[in-house]
Amino acid sequence: MALAGESRHGMWSNKWLFVLAAAGSAVGLGNIWKFPYIAGENGGGAFVLVYLACVFLIGIPIMMSEVLIGRHGRQSPINAVRSLVAKSKASSFWVLIGWMGVLAGFLILSFYAVIAGWALHYGWLMGVGTFQNADGAMAGATFDAFLANPWMLLGYQTLFMVVTVWIVSRGVIKGLETAIRWFMPLLFVLLLVLLGYGITSGGFPEAVDFMFAFNWDALSWDGVLVAMGQAFFTLSLGMGAIMAYGAYLPDDASIPGTVTTIALLDTFVAVAAGLVVFSIVFANDLDPSSGPGLMFVTIPLALGSLPAGEIFGVVFFVLVTFAAITSAISLTEPALAYLVEEYNAKRGRVAISLGVICWILGIGSVLSFNVWADVYVVGSLTIFDFFDYVSQNIMLPLGGLLIVLFAAFVLPRELVRRQIGFDGGVAEILWLLLARVVAPLGVLAVFVYTLYQSFA
Ligand code: PHE
């Protein structure tokens, strides 16, 4: 039986491990693979500004809400919200937060594993020297040929899922603590090396200009929705991942402090990855809006021209895979913790069942890149596009909206103050302003306006 005030799933040994684990969840394919390519597709500058505003004005209050709900409940998101609903005599409607999060986790992990599989394959390709002195055309053709092969994609997706399930079944805390202590810092170092390369590649000034010159004309309303969705996706918000990790956070850790550190780390990685990728894009006359393949064309191109590029290449893609694993683990935690609590099931068994479901769902995404490339779920969205769009742009912001409303309006004020450690100063006023006004209205405004635009 767990001690009062501790979670039955274990506890982080200290607040830094929570920061590392949550940063491990946040930093992943979203930062390194996704951010550069969607910033490129949406014209850079203005998109990046909207994204940054969403991270700090909407993301931070929502992340604080997730951590405080999780830490108060010390259970899976579904049960944490349930216990708070009972305590606040609120409607059981709010438990929807937990269920929707579980569903979003499945959808995301299904395609996430496919892309992580690409990184695995690229680690191999780099190691065998495929990209030695390659040019842009060759790097592009290699990527296209790889995507055209469903069996390869399936094989790597399967491998990634097996490793994830294996780590998850050992328990988050045991499985993660060792991995993140080493890989997160290494990833930072390698990004800095690549940034150094980017700065000397000749494309750096153009990259800075592309990312930070506010060209509003390039941004559509759908682009604004994508920027907001990306802020949620990259911070792992809106589906309970951070809430689940918050349940294992010691009582004496400061929520505003840890949350701000996580958001800053995550933003640093995304901006650095963007600068690296776009420097290479401009140094080689590539197209910044070339889509999901952007990282898989630019990074091999850069590393292929460096001395010892093979070694750097292997290390880079191995680290990207690790960053993806630490995110994938957090995608399963809300569902896993819930099933373990509800049915007293063994972690390992639950992990395998969840893994199989995500694996099957992921086959749809594998096929969207080849055999089913012309099969559209709605409009011009393939299965991969659809899962990606619905989870990132609709489910996560909606989940985040409900979470912040629940924390800011439904929970007893005293409980929130105690969890966050407010004593009535400016910080509390800032929290109320962000959590009650800016974050909910921000999400709502973007939702309503994009809906209006798509029907008008
Ligand atoms: N934040 C992760 C990334 O950027 C993805 C993720 C989304 C993880 C939602 C958990 C929850 O890669």
Side-chain angles (χ1 to χ4, degrees), residues 19-39 51 54-55 59-60 62-63 66-67 70 76-77 97-98 100-119 160 164 167-168 172 176 180 183-184 187 191 226-246 259 262-274 292 295 319-337 354 358 362 387-400 403:
V19 170
L20 273 181
S25 164
V27 173
L29 297 172
N31 308 58
I32 304 168
W33 160 73
K34 192 171 226 189
F35 172 72
Y37 96 77
I38 56 176
Y51 157 81
C54 290
V55 165
I60 288 195
I62 294 183
M63 196 186 284
E66 288 210 22
V67 179
S76 65
I97 293 174
M100 201 169 63
V102 166
L103 182 64
F106 277 95
L107 289 187
I108 296 175
L109 185 55
S110 77
F111 68 80
Y112 206 81
V114 177
I115 314 292
W118 299 359
F160 182 82
T164 302
I167 300 183
V168 161
V172 202
L176 263 181
I180 45 184
F183 294 116
M184 289 291 291
L187 182 68
L191 262 179
V226 176
M228 180 175 81
Q230 172 65 13
F232 279 90
F233 187 86
T234 191
L235 294 173
S236 305
L237 292 182
M239 52 76 62
I242 299 292
M243 201 183 286
Y245 279 7
V259 162
I262 295 159
L264 287 173
L265 284 174
D266 186 75
T267 308
F268 169 79
V269 175
V271 170
M295 170 183 112
L319 289 176
V320 170
T321 309
F322 267 101
I325 290 181
T326 52
S327 301
I329 291 171
S330 73
L331 281 163
T332 66
E333 190 59 19
L336 210 106
L354 296 182
C358 288
F387 280 14
D388 179 39
Y389 192 93
V390 170
S391 56
Q392 160 161 337
N393 299 338
I394 299 171
M395 296 177 82
L396 298 185
L398 191 62
I403 289 168

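One-based numbering along the sequence shown. Just follow the structure's listing: the first ligand is 1, and inside any ligand the first atom is 1. Not measured: the values here are computed from a predicted model.
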Check whether any side-chain N or O of T234 sits under 3.5 Å from a backbone N or O of A231 as a donor-acceptor pair, and report yes or no.
no

Under the rule for salt bridge (Lys or Arg N to Asp or Glu O under 4.0 Å), what residues qualify as partners of D266, not counting sequence neighbours?
none

Of all the heavy-atom pairs spanning P334 and M239, show the shortest one and how long it is.
CG-O, 3.9 Å

Using a 3.5 Å distance criterion without hydrogens, assess whether the side chain of S327 forms a donor-acceptor pair with backbone atoms of V27.
yes

Name each N or O atom in ligand 1 that is under 3.5 Å from a protein N or O, and give the partner atom and the distance.
{"unit_1": "ligand 1", "atom_1": "1 (N)", "unit_2": "S25", "atom_2": "O", "d": "3.2"}
{"unit_1": "ligand 1", "atom_1": "1 (N)", "unit_2": "A26", "atom_2": "O", "d": "3.0"}
{"unit_1": "ligand 1", "atom_1": "1 (N)", "unit_2": "F233", "atom_2": "O", "d": "2.7"}
{"unit_1": "ligand 1", "atom_1": "1 (N)", "unit_2": "T234", "atom_2": "O", "d": "3.2"}
{"unit_1": "ligand 1", "atom_1": "1 (N)", "unit_2": "S236", "atom_2": "OG", "d": "3.0"}
{"unit_1": "ligand 1", "atom_1": "4 (O)", "unit_2": "A26", "atom_2": "O", "d": "2.9"}
{"unit_1": "ligand 1", "atom_1": "4 (O)", "unit_2": "G30", "atom_2": "N", "d": "3.3"}
{"unit_1": "ligand 1", "atom_1": "4 (O)", "unit_2": "N31", "atom_2": "OD1", "d": "3.3"}
{"unit_1": "ligand 1", "atom_1": "12 (O)", "unit_2": "L29", "atom_2": "N", "d": "3.1"}
{"unit_1": "ligand 1", "atom_1": "12 (O)", "unit_2": "G30", "atom_2": "N", "d": "2.8"}
{"unit_1": "ligand 1", "atom_1": "12 (O)", "unit_2": "Y112", "atom_2": "OH", "d": "2.4"}

Hey, can you tell me if W33 and W118 have their rings parallel, tilted or perpendicular (30° and 60° cut-offs)?
perpendicular

Would you find a donor on one side and an acceptor on the other, under 3.5 Å apart, between the side chain of S25 and the backbone of T326?
no

